[in-house]
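Heads up: the structure comes next, in structure tokens.
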Amino acid sequence: MTNIIENVRQEIKQIISLSFKKAAESGELPQVELPEVTIEVPREKEHGDFSTNIVMQVSKQLKKAPRLAAETIINNMNLTDTYIEKVECAGPGFINFHLKINWLFDALKTIQSEKDNYGRIELGKGKKVMVEYVSANPTGPLHMGNARGGALGDCIASVLDAAGYDVTREFYVNDAGNQIEKFGISLEARYIQLLKGEDAMPFPEDGYHGEDIIDHMKDYIGLYGDKLLNAETDERRKALVEFALPRNIERIKTALESYGVKHDFWFSEKSLYDSGELDETIKLLKENNCTVEKEGALWLKGEVMGSEKDEVLVRNNGYPTYFAADIAYHRNKFLKRNYDWVINLWGADHHGHVARMKGAIASMGINPDKLDVVLFQLVRLYRNGEIARMSKRTGRTISLVDLLEEVGRDAARFIFNTKASGSHLDFDLDLAVQQSNDNPVYYVQYAHARISSLLKRLEDEGVKVPTVDETDLTLLQAKEELELLKRLAEYPEEIRISAVTLEPSRLTRYVQDVAGLFHSFYNACNVKNEEENLRKARVLLVDSTRIVIKNVLTLLSITAPERM
RNA sequence: GUGCCCAUAGCUCAGCAGGAUAGAGCGUCGGUUUCCUAAACCGCAGGCCGGAGGUUCGAAUCCUCUUGGGCACACCA
């Protein structure tokens with residue numbers, strides 16, 4: 001629950017604005033309107049732990065050379081009872097802050113006292129957020145897009161949870177509308193083909209060509225034979241959908257479960273039809289004068305969405321579009337269930353819908369800023385250096401189940417979170433299964449296993465992880481020790497930034513960094529055979545590293561093995 | 001045609017509410033183990049941040065134009 005870095009940052013902001021005030025009161029500097037003071041971590045270590053460029057930003061108003069003004073500001077600072085040891089003016093007018101080394105030791109104490117909760121912060125306290133992800137069409141198996149969206153969405157939800165938000169994870173089940181019609185037609189065609197031969201019924205060009213459709217019908221025939229052969233076509237399709245749809249949903253649930261992706265709610269699109277919410281929403285849009293009727297259909301006006309084109313809500317055959325249902329769904333999220341923030345994960349091919357959806361909810365009086373859509377670029381699978389294609393249509397899909405069989409859950413989840421969501425992701429199947437340091441997930445897991453093994457050996461010799469109170473942390477002085485410790489101290493801040501940017505990929509990079517620093521430390525510093533007091537301090541550092549790696553991996557739902 | 005995303009080391013990518021000498025992993029090459037897991041570590045080499053202008057004390061980062069990739073523009077979802 002403690003984010004020391006954020007606390008220090010706030011402290012520095014406070015010190016700076018007080019110093020400006022003081023300098024103005026004494027007449028050393030003119031009074032200025034300060035913009036938001038940004039405190040950053042300099043790249044160069046010599047530039048201190050924190051730095052600000054505030055003086056350069058306001059140097060024109062100060063009518064004084066930036067360096068001189070910075071000196072004045074520094075002289076007016078009150079640093080008693082802070083972590084700040086030294087303040088310097090540098091370069092063209094930066095103010096650099098060097099922290100007392102004990103801030104690192106306090107961070108270590110925090111890790112030891114918070115343990116499994118270390119890293120958790122209260123950024124989102126009291127805010128209800130929904131993350132909706134995967135939401136795959138239940139007309140077939142999960143594909144690579146769902147796999148990436150699943151890993152991403154699940155980890156975004158976990159990051160927000162760690163950041164203190166009240167998080168709900170949801171899967172929107174598209175169990176109504178046009179694709180279900182198409183599903184029924186596809187099933188029916190396969191059903192008849194299986195019973196009466198390929199030529200008995202041509203397969204619709206835009207139907208679902210996957211093998212799974214045939215498999216469903218083989219199973220159906222095995223159970224019920226040809227009893228639907230002479231039924232009315234509507235009745236037949238309905239019966240076949242009622243057979244296959246629950247099976248598909250069940251398979252999706254099973255696949256996601258073995259992927260470690262969990263949802264709190266499975267929200268049915270059909271329920272929006274049944275409950276009347278869809279009609280209600282359309283009516284509301286009409287009343288708000290957001291719609292126009294033409295060509296026998298009902299359209300949402302383009303101006304509502306900041307677009308030149310109108311969009312169909314209700315077709316001329318009377319059926320609502322997916323878009324209409326989606327508007328009703330979002331109205332449900334915001335107005336019926338009162339979420340403060342809604343995050344949707346969509347494949348990048350849906351980017352055109354973002355502005356439309358925001359416009360649509362705005363027309364119902366919902367602040368569109370409360371909706372964030374994370375668009376993720378699509379995945380290319382590589383095997384033997386060649387693109388492994390996935391296509392539902394050809395039936396040669398590489399499904400999520402296939403992927404998990406081939407590379408396992410840990411590698412899949414980790415790799416899908418190594419790139420920013422907006423970047424294209426090339427998934428190298430060969431690399432993902434390699435148990436070598438080329439494979440980042442093994443590199444990190446190995447660090448955890450190494451630590452666990454070391455602590456186990458020490459325990460066997462009667463050496464336990466000491467308490468902070470019985471340890472002299474000031475003995476940690478080696479470069480490798482301090483660099484590792486500093487990185488561990490940054491974890492809550494990493495959580496904060498990941499939550500703000502909705503980028504869990506930051507955490508996979510972070511944990512690789514921690515693992516790397518640990519390996520360097522391990523190589524440079526002996527633990528087990530060291531003099532007792534130093535050993536205690538190092539054991540505490542090692543155990544703290546274990547806690548952080550474990551916490552990150554757990555957050556990502558990746559196992560942290562004790563031996564490898 | 002209109003709109004969105006992307007372009008940084010040989011490869012895969014970070015950095016992009018402007019900051020001080022542009023980073024990491026992999027790959028290449030060279031080292032490290034009588035010692036806690038060598039699935040590790042250390043070191044060398046590698047860059048006109050796609051191109052051209054502009055804003056600024058200061059640009060990989062912001063703006064304009066341009067080139068090359070990906071995607072979207074249905075009474076599909």
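We name chains A, B, ... by the order of the sequence lines, and we start the count at 1 in each one. Worth knowing before you read on, the calculation uses all heavy atoms, side chains too, and leaves out hydrogens, waters and symmetry mates. A quick note: this is a predicted structure, and the numbers were derived from the prediction, not measured.
- Within the nucleic acid shown, Ala447(A) has no heavy atom closer than 4.0 Å to any nucleic acid atom.
- Checked by distance alone, Ser520(A) brings no side-chain donor or acceptor within 3.5 Å of a matching partner on the base of A40(B).
- Taking the C1' atoms as reference points, A14(B) lies 13 Å from U61(B), given to the whole Å.
- Counting to the nearest Å, the P atom of C26(B) and the CZ atom of Phe427(A) are 18 Å from each other.
- On the P atoms, A60(B) is 34 Å away from A72(B), given to the nearest whole Å.
- For the pair Gln445(A) CD and U37(B) P, the computed distance is 18 Å after rounding to whole Å.
- Sequence order on RNA chain B of the closest nucleotides to Gly91(A) and Val527(A) puts Gly91(A) first from the 5' end.
- Comparing the C1' positions of G15(B) and A22(B) gives a spacing of 8 Å, expressed to the nearest Å.
- An OP1 or OP2 oxygen of A74(B) is reached within less than 4.0 angstrom by no side-chain nitrogen or oxygen of Arg315(A).
- Contacts of Ser399(A) classified as side chain to side chain contact (heavy atoms under 4.5 Å, CB included), with partners at least two apart in sequence or in another chain: Pro141(A), Val401(A), Asp402(A).
- Spacing of C1' atoms, U28(B) relative to C65(B), comes out at 40 Å, to the nearest Å.
- Applying the salt bridge (charged side-chain N to carboxylate O under 4.0 Å, His left out) criterion to Lys419(A), with sequence neighbours excluded, gives no partner residue.
- Checking G23(B), U37(B), A39(B) against every side-chain atom of Glu44(A), the shortest atom distance belongs to G23(B).
- Across G23(B) and C16(B), the matching P atoms stand 14 Å from one another, rounded to whole Å.
- Helical stems in RNA chain B, defined as runs of 3 or more consecutive Watson-Crick or G-U wobble pairs with both donor-acceptor distances under 3.5 Å, are listed by first residue as B:1-7 with B:67-73, B:10-13 with B:23-26, B:29-32 with B:40-43, B:50-54 with B:62-66.
- Asp49(A) meets the salt bridge (charged side-chain N to carboxylate O under 4.0 Å, His left out) test with Lys486(A); sequence neighbours excluded.
- When rounded to the nearest whole Å, the span between CD of Glu293(A) and P of C75(B) equals 17 Å.
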Could you walk me through whether Glu494(A) and Arg509(A) pass the salt bridge (charged side-chain N to carboxylate O under 4.0 Å, His left out) test, one step at a time?
CA-CA 10 Å; Glu494(A) 292 290 331; Arg509(A) 282 192 296 277; over 6 Å; no

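- Nearest to the side chain of Tyr446(A), among C75(B), U37(B), G19(B), sits U37(B).
- Spacing between G27(B) and U12(B) at atom P, rounded to whole Å, works out to 15 Å.
- Contact annotation for Ala355(A): no contact, since no heavy-atom pair falls under 4.0 Å across all strands.
- Distance from the side chain of Arg450(A) is smallest to U37(B) among C13(B), U37(B), A39(B).
- Of the possible polar contacts, none joining the Ser421(A) side chain to the Phe376(A) backbone as a donor-acceptor pair under 3.5 Å is found.
- For the C1' atom pair drawn from A59(B) and C48(B), the interatomic distance equals 14 Å after rounding to whole Å.
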Identify each atom pair where a protein N or O and an N or O of nucleotides 68-73 of chain B are less than 3.5 Å apart, giving names and distance.
from   : atom 1 : to        : atom 2 : distance (Å)
C71(B) : O2     : His351(A) : NE2    : 3.1
A72(B) : O4'    : His351(A) : NE2    : 3.4
C73(B) : O3'    : Lys309(A) : NZ     : 3.0
C73(B) : O2'    : Lys309(A) : NZ     : 2.7

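- Under the ring pair (Phe, Tyr, Trp, His ring centres under 6.0 Å) criterion, Tyr446(A) pairs with His519(A), not counting sequence neighbours.
- When the ring pair (Phe, Tyr, Trp, His ring centres under 6.0 Å) test is applied to His350(A), the partners found at least two apart in sequence or on another chain are His353(A).
- With sequence neighbours excluded, the residues forming a side chain to side chain contact (heavy atoms under 4.5 Å, CB included) with Val41(A) are Phe50(A), listed by chain and number.
- Nearest to the side-chain atoms of Glu46(A) among the listed nucleotides U21(B), C41(B), A39(B) stands U21(B).
- Between Lys182(A) atom NZ and A74(B) atom C1' the separation is 12 Å, expressed in whole Å.
- Contacts of Asp543(A) classified as salt bridge (charged side-chain N to carboxylate O under 4.0 Å, His left out), with partners at least two apart in sequence or in another chain: Arg546(A).
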Side-chain donor-acceptor pairs of residues 452-463 of chain A under 3.5 Å, sequence neighbours excluded:
from      : atom 1 : to        : atom 2 : distance (Å)
Ser452(A) : OG     : His448(A) : O      : 2.9
Glu461(A) : OE2    : Lys528(A) : NZ     : 3.0

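- Remark: side-chain polar atoms of Ser51(A) are not paired, donor with acceptor, to backbone N or O of Pro42(A) under 3.5 angstrom.
- The ring of Phe94(A) lies on top of the base of A20(B), close enough and flat enough: under 5.5 Å between centres, under 30° between planes.
- Regarding contacts with the backbone of C76(B), every side-chain N or O of Tyr319(A) stays at 4.0 angstrom or more from both OP1 and OP2.
- A distance of about 8 Å separates the C1' atoms of G47(B) and U8(B), rounded to the whole Å.
- Summarising the geometry, the separation between CD on Gln512(A) and P on G23(B) is reported as 19 Å, rounded to the nearest angstrom.
- In terms of position along RNA chain B, the nucleotide closest to Asp426(A) lies nearer the 5' end than the nucleotide closest to the other residue of the pair Asp426(A) and His47(A).
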Show each protein N/O and nucleotides 54-61 of chain B N/O combination with a separation under 3.5 Å, one pair to a line.
from   : atom 1 : to       : atom 2 : distance (Å)
C57(B) : OP1    : Lys60(A) : NZ     : 3.2

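- Listed nucleotides: A38(B), C41(B), G19(B). Nearest to the side chain of Tyr522(A): A38(B).
- For Asn529(A) and C36(B), a side-chain-to-base donor-acceptor distance below 3.5 Å is absent, hydrogens and geometry of angles not being considered.
- Regarding Asn439(A), its CG atom lies at a distance of 10 Å from the P atom of A40(B), rounded to whole Å.
- No contact: Asp310(A) has no heavy atom under 4.0 Å from any strand.
- Listed by chain and number, the residues in a ring pair (Phe, Tyr, Trp, His ring centres under 6.0 Å) with Phe97(A) amount to none (sequence neighbours excluded).
- The side chain of Arg509(A) contributes no N or O atom lying less than 4.0 Å from OP1 or OP2 of G23(B).
- Using a 4.0 Å heavy-atom distance criterion, Glu503(A) is classed as making no nucleic acid contact.
- Here Ser423(A) does not reach the OP1 or OP2 of C13(B): none of its side-chain N or O atoms lies under 4.0 Å away.
- Rounded to the nearest 0.5 Å, atoms CD1 (Ile361(A)) and CZ (Arg356(A)) are 14.5 Å apart.
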Does Arg251(A) form a salt bridge (charged side-chain N to carboxylate O under 4.0 Å, His left out) with Asp212(A)? I'd like the steps, not just the answer.
CA-CA 11 Å; Arg251(A) 284 176 192 178; Asp212(A) 55 302; 5.9 Å; no

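- No N or O donor and acceptor, one from the side chain of Asn523(A) and one from the base of A38(B), sit under 3.5 Å apart.
- For Lys294(A), the NZ atom sits in a packed shell: over 12 heavy atoms of surrounding residues, nucleotides or ligands are nearer than 6.0 Å.
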